[in-house]
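First up is the structure itself, then whatever we jot down about it.
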Amino acid sequence: MTFAAPLFLLAVLAGAIPVVLHMINRQKVKDLPFPTLIFLRLSVEKTRRRRRIQDVLLMLLRLAVLVLLALGLARPALTSLSSLFAGGATSAVAIVLDNSASMGVIDQDSRRFDTALRACEQILGELRDGDLVGLFIPCGPALPEQDKLDRTREKATQILSQVKVTYEKANLGVKLLEARSLLAKSNAPNKQIYLISDMQSLSFDALKKLDESPSGDAKPGPEAGSGGSEKEQGLDIPIIVVDVHRAPKPNAAVQNVALETTVPVAGLPVKAGVEVFNASSVAVSRVVELYLDGNKEAVSPELKIEPGSRATHEFTFRFERGGLHKGEVRLAGEDGSKLDDRRWFSMEVDQGIPVAVVKPQRHEISYLEDSFYLEQALTPARNGGWALRITPLTAGDLLSEPLQNYRVLYLVNLPALSGDAAERVRGFLEDGGSVVWIAGDRVDPDAYNQMNQAADGRLLPAPLAAVRSPEAGSGVDSWSISYLEKQHPALRQLVEPASLYQSVLVYKHVRIDAGAQSDAMVLARLSDGEPLLVQRGVGRGKSLFWGTSVHVNWTNLPLKNLFLPLLARLTFYLSGAEQVRYEGLAGVPITVRFEKESQPLGVELQPPTGETIRLQTKEEGGEQEFRYPETHEIGIYLLRVLDARKPMQVAYAVNVDPDEANPQKIERDEFRQRLGKTPVIYAENPDDLTSTFKLLREGQSLWGAFLTCVLIALFFETLLSNLMTPKQDEDQAIKQLPPYMRRKRRSATAIESPAAG
């Protein structure tokens with residue numbers, strides 16, 4: 001405790017006055033006995049003892065009034081916190097400035113981040129020459145001098161001019177622990193941490209994982225359990241919270257865009273499901289706009305969203321041309337924050353993927369060929385606007401055709417391949433190609449197994465068994481497909497409704513011994529449980545076996561609606577063109593793994609800002625990994641792999657973290673509890689920190705508390721004084737005495753009154 005006017009403490013000596021007066025009043029006078037008053041002696045002595053006790057209490061109350069008044073005039077203040085500028089000593093100040101996306105919300109007609117910047121300027125303005133200051137910025141590009149203590153305010157001001165509000169999520173708990181650790185190593189007598197933030201609850205997840213001491217006290221951070229005193233750990237360094245979350249403007253945020261299409265092909269419909277979240281406490285109405293390749297494509301009707309709830313809208317559109325397309329969903333009109341009103345996505349369609357369909361021989365009547373329905377399904381568009389480029393081959397072409405020009409081989413009802421042809425197909429698989437073996441009347445299971453054994457089991461996904469058809473008299477003339485692997489990328493959109501595949505009938509099929517190959521995956525089964533479609537990885541490629549034909553002689557599948565999407569999606573998956581959503585959040589590094597290469601791969605990266613950056617992959621766990629951490633802007637990051645065996649292009653959509661729209665704040669008591677023994681002060685007004693600076697200099701004033709005590713003491717002093725007047729019952733007893741005794745009683749009272757104390 002300190003005193004702003006310590007000279008008033010001399011007034012405490014006035015407390016001796018009631019004591020002196022009390023001692024004077026206690027001087028004993030000479031007794032003058034009156035025999036006629038002997039009957040009242042007992043009552044008078046009892047009253048005298050009671051009045052002595054009351055008189056002592058009255059003296060103590062009057063003494064307390066004078067002492068408390070003197071202490072209050074000395075302006076006492078609590079100084080359990082280290083003073084910011086006390087005694088001219090050097091101060092070390094760490095400023096943790098929140099620049100996450102939620103700081104872009106308009107709050108009381110100003111961005112929260114602008115209010116935070118003004119608070120930073122006030123703090124820097126209060127520092128004196130020689131004081132240490134450090135800025136801790138949780139989001140955005142790392143600046144050279146941030147997260148360090150420096151003796152010049154100019155550097156801190158320079159850093160402050162470069163800090164911008166970002167699209168990222170802040171981990172303020174980590175920054176607080178870093179700032180405390182740095183200040184704990186400083187020799188400055190006075191240390192403080194300023195936290196300037198909207199106190200969003202999710203920003204302090206790092207403080208949730210606190211170890212509990214045996215006594216139940218929280219010990220924040222890893223350094224808390226490392227031993228040493230609280231001072232050495234920095235637990236005594238106070239945290240001054242400048243909360244800029246006050247009365248935000250109603251805000252809505254685009255939180256998700258889900259794309260759905262049967263196959264990513266130009267001209268086919270694409271559905272985009274948009275989810276909008278109302279982060280405010282009042283109902284809002286918003287309109288959503290869809291942009292494709294920079295052009296406005298569609299506008300939603302007005303969406304009315306209740307407080308804290310979500311609304312959805314579905315756009316349906318078509319890409320008119322192939323290639324890579326960039327899409328964006330925006331909220332139209334005024335909103336509390338522009339940072340969470342946009343969400344990006346990408347889709348690549350119509351790639352002209354080279355696929356070879358290998359059949360036993362060409363037939364004069366095309367519909368009699370085993371591959372007729374397959375070729376029709378893979379080339380439904382005759383005008384060339386299709387994503388697949390189909391090349392028909394015969395079995396003899398396998399010996400001369402450059403197979404590396406294709407991504408997928410469909411081997412339709414072929415006899416077992418000769419040694420050279422089988423070796424070429426094996427090399428195609430191991431180099432990353434995909435092969436689909438399709439059964440038929442020319443497929444001899446024993447010959448196929450021998451072919452596979454000669455290739456060290458590197459051709460088929462699993463050994464084959466006999467050809468099976470319904471037995472006569474069994475009452476079964478076919479089997480239906482009863483199971484599709486719903487987790488498989490090519491099949492997961494085909495499992496609903498189940499009638500789509502359950503209506504497919506199979507009259508004849510080649511049995512597949514999938515159990516004999518531990519790494520084989522069954523993708524489809526018949527109604528009796530027999531595997532129909534099996535997949536296994538071979539080298540860098542994939543080998544699949546379809547147990548029935550793709551003609552109407554063994555199954556009715558070519559006549560069903562399932563046929564085209566099944567073949568198209570399977571082909572896109574096997575070629576590597578299946579739509580894998582490359583998405584990430586601002587501030588989170590882009591990480592893409594590539595198949596094992598003999599040397600680092602060259603990657604061209606084009607961020608949303610437009611410049612081109614040339615980088616290389618690094619080997620990680622036997623694979624090539626590309627990692628790019630500077631994802632501070634939202635938009636489409638385009639990656640081009642230049643010198644791989646299979647050059648590729650990846651569009652990576654980076655968006656703001658949807659959690660940044662969550663308005664939930666961390667409660668003050670919870671924040672203090674997570675910090676354990678660390679003192680915490682909340683600034684009263686983020687726009688004007690004058691009162692906070694005064695509190696840190698002078699401490700918490702106790703003048704109000706002392707004044708309250710003075711008033712309470714005066715109340716009891718008055719009450720006790722009134723209680724010391726003669727009792728009414730004693731007056732009544734005197735009135736009942738004879739007249740001559742009442743006169744003598746009054747005379748005796750007049751004589752004894754000086755000694756009554």
Side-chain angles (χ1 to χ4, degrees), residues 358 370 395 398 408-471 474 476 478-492 495 501 504 506-550 554-555 557 566 570 573-574:
V358 185
D370 296 288
L398 291 177
V408 182
L409 294 181
Y410 279 95
L411 306 183
V412 184
N413 193 20
L414 298 182
L417 301 179
S418 63
D420 292 341
E423 189 61 29
R424 296 195 73 199
V425 173
R426 172 185 172 179
F428 175 77
L429 277 167
E430 294 184 341
D431 285 343
S434 295
V435 175
V436 181
W437 305 84
I438 296 178
D441 53 12
R442 291 183 177 86
V443 174
D444 181 357
D446 293 334
Y448 262 61
N449 290 336
Q450 293 175 7
M451 172 190 70
N452 191 46
Q453 291 175 1
D456 298 327
R458 309 288 286 176
L459 287 177
L460 298 177
L464 305 182
V467 177
R468 189 174 73 138
S469 57
E471 296 180 3
S474 64
V476 176
S478 63
W479 300 275
S480 63
I481 298 178
S482 63
Y483 166 81
L484 289 181
E485 175 53 59
K486 62 182 179 180
Q487 300 300 328
H488 194 273
L491 305 178
R492 58 190 173 199
V495 295
Y501 59 86
V504 175
V506 175
Y507 317 119
K508 196 173 185 179
H509 73 98
V510 176
R511 297 184 61 187
I512 309 171
D513 189 6
Q517 194 72 47
S518 60
D519 55 347
M521 178 189 304
V522 178
L523 305 185
R525 290 183 184 274
L526 296 176
S527 52
D528 62 349
E530 284 287 336
L532 183 65
L533 179 61
V534 178
Q535 173 185 320
R536 181 170 72 96
V538 176
R540 296 168 54 222
K542 301 178 183 68
S543 175
L544 287 81
F545 191 89
W546 176 252
T548 188
S549 72
V550 287
W554 280 28
T555 177
L557 175 62
L566 173 64
L570 193 63
Y573 161 73
L574 294 175

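Numbering of residues begins at 1 and proceeds along the displayed sequence.
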Do Leu414 and Arg442 have side chains that approach each other closer than 4.5 Å (heavy atoms only, starting at C-beta)?
no
Applying side-chain contact (heavy atoms from CB on, under 4.5 Å) to Ala466 and not counting sequence neighbours gives none
Note: Leu464 and Ile512 closest approach over all heavy atoms is CD2-CG1, 4.3 Å
For Pro470 and Ser478, the nearest pair of non-hydrogen atoms, with its separation, is CG-N, 3.8 Å
Task: Heavy-atom side-chain contact between Trp554 and Val506 under 4.5 Å - done: no
Heavy-atom closest pair (Phe428 atom, Val408 atom, distance to 0.1 Å) is CZ-N, 4.2 Å
Correct closest heavy-atom pair for Ala514 and Pro531 would be CB-CG, 4.2 Å
ask   = Any donor-acceptor pair under 3.5 Å linking the side chain of Arg424 with the backbone of Leu398?
value = yes
**OP:** Measure the shortest side-chain to side-chain distance between Glu485 and Gln535 over non-hydrogen atoms and say whether it is less than 4.5 angstrom.
**Re:** no
Quiz item: Going by an N to O cut-off under 4.0 Å, is there a salt bridge joining Asp431 and Arg426?
Solution: no
For Ser469, the side-chain contact (heavy atoms from CB on, under 4.5 Å) test, sequence neighbours excluded, returns Lys508
CG (Asp370) and OH (Tyr410) are apart, to the nearest 0.5 Å, by 16.0 Å
So does Leu459 get a backbone contact from the side chain of Ser543, meaning a donor-acceptor N/O pair under 3.5 Å?
yes
In short, Ser527 meets Ser482 closest at the heavy-atom pair CA-OG, 3.5 Å
* State, yes or no, whether a side-chain contact exists between Arg468 and His509 at a heavy-atom distance under 4.5 Å. => yes
Q: Test Val435 against Val425 for side-chain contact (heavy atoms from CB on, under 4.5 Å), laying out the working first.
A: CA-CA 8 Å; Val435 175; Val425 173; 4.0 Å; yes
Rounded to the nearest 0.5 angstrom, the NZ-CE distance for Lys542 and Met521 is 10.0 Å
Query - Heavy-atom check, side chain of Asn413 versus side chain of Ile438, under 4.5 Å - result: no
- Item | Test log, rule side-chain hydrogen bond (donor to acceptor under 3.5 Å, both in side chains), inputs Asn452 and Gln450 | CA-CA 5 Å; Asn452 191 46; Gln450 293 175 7; over 6 Å; no
Quick one: is the NZ or CZ of Arg525 closer than 6.0 Å to the six-membered ring centre of Trp479, and within 45° of its axis? no
dist Ser549:OG -> Leu557:CG (nearest 0.5 Å) comes out at 9.0 Å
I want to check something: taking the side chain as every heavy atom from C-beta on, are Leu409 and Leu429 in contact at a cut-off of under 4.5 Å?
no
Taking atom CG of Asp420 as the centre, does the number of heavy atoms from other residues, nucleotides or ligands within less than 6.0 Å exceed 12? no
In this structure, CD of Gln517 is separated from CG of Asp519 (nearest 0.5 Å) by 5.0 Å
CG (Leu533) and CG (Leu484) are apart, to the nearest 0.5 Å, by 8.5 Å
Of all heavy-atom pairs linking Thr555 and Tyr507, the shortest is N-CD1, 3.6 Å
Original post:
Does the separation of the ring centres of Trp437 and Tyr448 fall below 6.0 angstrom?
Top reply: yes
TODO: Report the C-alpha distance between Val534 and Arg536 in whole Å, list the side-chain angles of each, state the deciding distance to 0.1 Å, and finish with yes or no for side-chain contact (heavy atoms from CB on, under 4.5 Å).
DONE: CA-CA 7 Å; Val534 178; Arg536 181 170 72 96; 5.8 Å; no
Taken to the nearest 0.5 Å, the spacing of Ser434 OG from Tyr573 OH works out to 7.5 Å
Here the side chain to side chain donor-acceptor pair (under 3.5 Å) pairs for residues 453-467, sequence neighbours left out, are Glu430-Arg458
Exercise for the section: Might you work through the side-chain contact (heavy atoms from CB on, under 4.5 Å) test for Asp441 and Val467, ending with a clear yes or no? Expected result: CA-CA 9 Å; Asp441 53 12; Val467 177; over 6 Å; no
